[in-house]
Amino acid sequence: QVQLVESGGGLVQAGGSLRLSCAASGRSFSSDKMGWFRQVPGKEREFVASISWSWSSSNTVYGDSVKGRFTISRDNAKNTVNLQMNSLKPEDTAIYYCAARNRGAVKFDYWGQGTQVTVSS
């Protein structure tokens, strides 16, 4: 029974910053990749960022629209991932979803309920 809970969304002015967090919980849950997606009503879901890790290294990937502005990170002890969003633009307005996969899986297995981010102009 894996659960992902997002937090940190809200209303911010253009040029401002927000920090989203995703807390993962569940018995026997073991992951090696988590990420963020976003979706505007009526539009296709968009990849934002992901982070994957092993015993020796980690890797981050960003969507083209957020490169240089967003940073994804992981807190091993708390089993959370964060998304630091800087220089926010109105086009960043969306519902942001956290996702995770079981270790070694080919796709994301679990999804959170989402948190709203609204950027005013």
Side-chain angles (χ1 to χ4, degrees):
Q1 193 74 11
V2 176
Q3 185 175 18
L4 304 179
V5 180
E6 302 98 334
S7 62
L11 175 64
V12 66
Q13 296 181 14
S17 299
L18 282 175
R19 185 176 179 85
L20 306 183
S21 295
C22 174
S25 63
R27 296 183 182 274
S28 301
F29 177 60
S30 181
S31 180
D32 62 359
K33 185 177 182 179
M34 298 180 68
W36 291 92
F37 295 77
R38 66 188 184 186
Q39 188 168 29
V40 177
K43 298 187 66 176
E44 186 176 323
R45 183 177 63 190
E46 178 186 16
F47 170 76
V48 176
S50 69
I51 182 167
S52 57
W53 59 91
S54 66
W55 66 272
S56 61
S57 63
S58 63
N59 185 60
T60 56
V61 179
Y62 296 93
D64 289 340
S65 63
V66 306
K67 288 179 180 177
R69 300 188 298 121
F70 291 10
T71 303
I72 189 170
S73 61
R74 172 173 171 257
D75 186 327
N76 295 352
K78 297 182 178 181
N79 201 26
T80 63
V81 292
N82 302 302
L83 185 69
Q84 179 66 46
M85 305 185 294
N86 298 327
S87 301
L88 284 163
K89 306 174 181 179
E91 47 264 48
D92 294 318
T93 296
I95 300 175
Y96 284 70
Y97 296 93
C98 177
R101 75 176 188 185
N102 289 313
R103 180 175 289 125
V106 298
K107 62 184 294 185
F108 290 107
D109 302 289
Y110 309 104
W111 296 82
Q113 293 297 308
T115 184
Q116 177 70 47
V117 172
T118 303
V119 184
S120 63
S121 60

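Heads up: numbering here begins at 1 and tracks the sequence. For the numbers below, each heavy atom of this structure counts, side chains included, while hydrogens, waters and symmetry mates do not.
With values rounded to the nearest 0.5 angstrom, Thr80 atom OG1 is found 8.0 Å from Met34 atom CE. Put simply, CD on Gln116 and OG1 on Thr93 are 7.0 Å apart, with the number rounded to the nearest 0.5 Å. One finds the CD1 atom of Ile95 at 7.5 Å from the CD atom of Gln39 (value rounded to the nearest 0.5 Å). Separation of atoms CG (Asn79) and CG (Leu4) is listed at 9.0 Å; rounding is to 0.5 Å. The distance from the CH2 atom of Trp36 to the SG atom of Cys98 is 5.0 Å, given to the nearest 0.5 Å. The OG atom of Ser21 sits 9.5 Å away from the CD atom of Gln84 when rounded to the nearest 0.5 Å.
Tested against Ile51, the residues Leu83, Val61, Ile72 include a single side chain to side chain contact (heavy atoms under 4.5 Å, CB included) partner, Ile72.
Taking both residues in full, the closest heavy atoms of Arg101 and Asp109 are given as CA-OD2, 3.2 Å, listed atom of the first, atom of the second, then distance. Nearest heavy atom pair, residue Ser31 against residue Ala100, reads OG-CB, 4.3 Å. Val117 and Met85 make their closest contact through CG2-CE, 3.9 Å (heavy atoms, listed as atom of the first residue, atom of the second, distance). Asn86 approaches Ser17 most closely through the heavy-atom pair OD1-OG, 2.9 Å. Residue Asp32 comes nearest to Asn102 through the heavy atom pair OD1-O, 3.8 Å, listed as atom of the first residue, atom of the second, then distance. Pro90 and Ala14 make their closest contact through CD-CB, 4.1 Å (heavy atoms, listed as atom of the first residue, atom of the second, distance).
Among residues two or more places apart in sequence or in another chain, the side chain to side chain contact (heavy atoms under 4.5 Å, CB included) test is passed with Ser73 by Arg19, Asn82. By the side chain to side chain contact (heavy atoms under 4.5 Å, CB included) test, Ser58 is found to be paired with Trp53, residues two or more places apart in sequence or in another chain being considered. Applying the side chain to side chain contact (heavy atoms under 4.5 Å, CB included) rule to Ser25 yields the partners Gln3; only residues at least two apart in sequence or on another chain are considered.
Residue pairs meeting the ring pair (Phe, Tyr, Trp, His ring centres under 6.0 Å) criterion with at least one partner in residues 55-111, sequence neighbours excluded, are Phe29-Tyr110, Phe37-Phe108, Phe37-Trp111. Applying the salt bridge (Lys or Arg N to Asp or Glu O under 4.0 Å) rule to pairs touching residues 58-70 yields Asp64-Lys67, Arg69-Asp92, sequence neighbours excluded.
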In residues 40-48, what donor-acceptor pairs under 3.5 Å come from side-chain atoms, sequence neighbours left out?
residue	atom	partner	partner atom	Å
Glu46	OE1	Arg38	NE	2.8
Glu46	OE1	Arg38	NH2	3.3
Glu46	OE2	Ser65	OG	3.0

